[in-house]
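In what follows, a single structure is set out as structure tokens and then discussed.
Everything quoted here is computed from the prediction, not taken from an experiment. The first residue of the sequence shown is numbered 1, and numbering continues consecutively from there.
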Amino acid sequence: MVSIAIVPPLSPRPAAPVRAVSGPLVVNVGVVGPGKVGSALLSQLRLAAPRLLRDCGLELRVRGVSDSRHMWLDCDDEALNGRTHGAQTWRPAALDAFAAHVAGHHGEMAVLADCSASDVVADWYAAWLAAGIHVVTPNKRAASGSLERWRRIGAAAQSSGAHLGYEGTVGAGLPVVQTLRDLVDTGDELAAVEGMLSGTLAWLFNRFDGSVPFSALVREAHAMGYTEPDPRDDLSGMDVARKLVILAREAGLALSLDDVSVASLIPPDLADCSRDEFMERLGEMDAPMASRLAEARQAGGVLRHVARLDGARASVGIQVVEPGHAFAHARLTDNVVRFATRRYCDNALVVQGPGAGPEVTAAAVFADLLRVAGAMGVKRCAC
């Protein structure tokens with residue numbers, strides 16, 4: 001394990017400029033990655049726009065949508081928001097031109113919502129923030145990737161006053177990042193984090209009682225869309241490790257993925273084969289998983305997939321938890337995060353709720369956008 005330095009929080013938190021109140025605040029919005037989350041966000045923006053304009057003086061203008069190959073510009077219409085690609089004239093994707101188009105030329109506020117899972121898009125954050133373009137995202141690549149890139153992103157935001165919102169990177173729509181941020185900003189000190197941070201793995205272990213093979217549950221989760229197209233992306237534990245890194249950095253730890261001890265659920269022989277072969281050989285996971293379940297029962301506990309951060313020690317993998325533990329009572333795809341701090345030392349602060357799904361993840365991105373608008377002087381709306 002590499003020693004980890006304690007550093008000031010890396011998340012960008014610039015001071016908000018004061019906005020003169022003269023008519024509605026116009027916000028130009030661009031969405032990168034119109035997949036499940038991006039499409040849900042477009043729908044939520046369209047439905048909420050009339051109320052936000054009427055009640056809050058906030059005018060949202062969707063100026064563009066881009067995927068990895070195409071970009072649709074000036075596309076604030078129901079046809080595109082309904083995911084009918086033929087509705088607009090498209091151009092080959094170019095993220096620099098896309099950002100410039102969304103920013104416009106009239107001094108409006110611009111926000112780019114990156115709903116992709118792309119490192120290529122994350123590489124643009126520093127440039128966008130330096131140009132005064134706000135970024136909101138559930139993409140974990142920036143906040144859990146290279147520390148050098150993360151510091152560049154933070155420096156760009158501090159320099160320009162632009163905001164980066166990434167609540168949706170951990171816990172989907174749950175207020176996990178904001179809760180930790182509030183604790184740190186108010187002077188609390190994080191002692192440890194313990195969490196079930198994967199809705200997919202939570203569902204699998206909530207259902208895994210030995211009545212059906214583990215492979216059957218993986219196939220069921222895959223068929224219902226709970227897993228990634230390749231279930232190994234979930235079963236490897238790397239997605240959970242990214243979330244743990246994000247929380248560690250939010251608390252001021254200069255943690256990297258290489259510093260996290262990750263115990264993958266995937267047998268070594270299945271790690272590098274094709275996805276189709278892996279799905280055909282899923283049954284090879286059944287015997288070792290049945291053995292682990294028997295060991296947990298013999299110990300009087302239940303199996304859960306847990307991420308832990310204790311000081312500079314970070315780990316991800318299957319744990320046996322006692323029946324009275326908060327993780328033993330999680331339901332369906334619940335994420336559960338326990339923050340042990342100087343203030344919450346005798347009884348950890350727990351955040352729990354559904355931790356998967358495009359609608360709740362999109363809502364977290366939308367909430368980040370509204371926080372940015374609030375920092376610019378938009379009054380808070382009553383829901």
Side-chain angles (χ1 to χ4, degrees), residues 26-50 52 58-104 108-125 127-129 133-143 164-169 172-173 199 224-230 233 239 356-370 372-373:
V26 175
V27 177
N28 292 339
V29 180
V31 176
V32 180
K36 291 181 179 179
V37 174
S39 294
L41 177 62
L42 285 167
S43 179
Q44 291 174 11
L45 290 170
R46 176 173 55 83
L47 292 172
L52 291 172
L58 174 61
E59 183 177 350
L60 298 177
R61 295 178 180 171
V62 177
R63 292 268 290 155
V65 175
S66 179
D67 63 18
S68 60
R69 296 179 299 166
H70 310 120
M71 59 183 184
W72 295 262
L73 307 180
D74 293 318
C75 56
D76 194 3
D77 67 66
E78 294 186 9
L80 181 67
N81 292 339
R83 299 295 291 116
T84 307
H85 268 1
Q88 296 291 324
T89 302
W90 58 267
R91 304 178 189 178
L95 288 174
D96 53 348
F98 180 76
H101 176 81
V102 172
E108 297 99 341
M109 173 181 157
V111 179
L112 290 172
D114 172 23
C115 296
S116 75
S118 169
D119 252 324
V120 172
V121 181
D123 281 339
W124 281 93
Y125 287 7
W128 291 341
L129 291 163
I133 301 172
H134 308 279
V135 178
V136 293
T137 184
N139 184 351
K140 292 177 280 291
R141 297 290 173 161
L164 172 65
Y166 48 97
E167 182 65 73
T169 58
M224 292 189 299
Y226 283 175
T227 73
E228 294 296 326
D230 187 336
D233 293 341
D239 185 66
E359 293 290 337
V360 291
T361 303
V365 179
F366 197 173
D368 274 336
L369 190 160
L370 294 178
V372 173

> How would you list, by chain and number, every residue that makes a side-chain hydrogen bond (donor to acceptor under 3.5 Å, both in side chains) with T137, sequence neighbours excluded?
Replying inline: Y125

> Residues two or more places apart in sequence or in another chain: which of them pass side-chain hydrogen bond (donor to acceptor under 3.5 Å, both in side chains) with D123?
Replying inline: R149

>> Which residues pass the salt bridge (charged side-chain N to carboxylate O under 4.0 Å, His left out) test with D368, not counting sequence neighbours?
In response: R371

> Sequence neighbours excluded, which residues qualify as salt bridge (charged side-chain N to carboxylate O under 4.0 Å, His left out) partners of E108?
Replying inline: R61

> By side-chain contact (heavy atoms from CB on, under 4.5 Å), which residues pair with S118, not counting sequence neighbours?
Replying inline: S116, V120, V121

> What pairs with E359 under salt bridge (charged side-chain N to carboxylate O under 4.0 Å, His left out), at least two apart in sequence or on another chain?
Replying inline: none

>> So does A103 get a backbone contact from the side chain of R63, meaning a donor-acceptor N/O pair under 3.5 Å?
In response: no

> Does A94 have any side-chain contact (heavy atoms from CB on, under 4.5 Å) partners at least two apart in sequence or in another chain, and if so, which?
Replying inline: D96, A97

> Sequence neighbours excluded, which residues qualify as side-chain hydrogen bond (donor to acceptor under 3.5 Å, both in side chains) partners of D230?
Replying inline: R232

> For the residue pair W72 and H70, does the interplanar ring angle fall in the parallel (under 30°), tilted (30 to 60°) or perpendicular (over 60°) class?
Replying inline: perpendicular

> Which residues pass the side-chain contact (heavy atoms from CB on, under 4.5 Å) test with A49, sequence neighbours left out?
Replying inline: none

>> Tell me every residue that passes side-chain contact (heavy atoms from CB on, under 4.5 Å) with A172, counting only those two or more places apart in sequence or in another chain.
In response: V360, T361

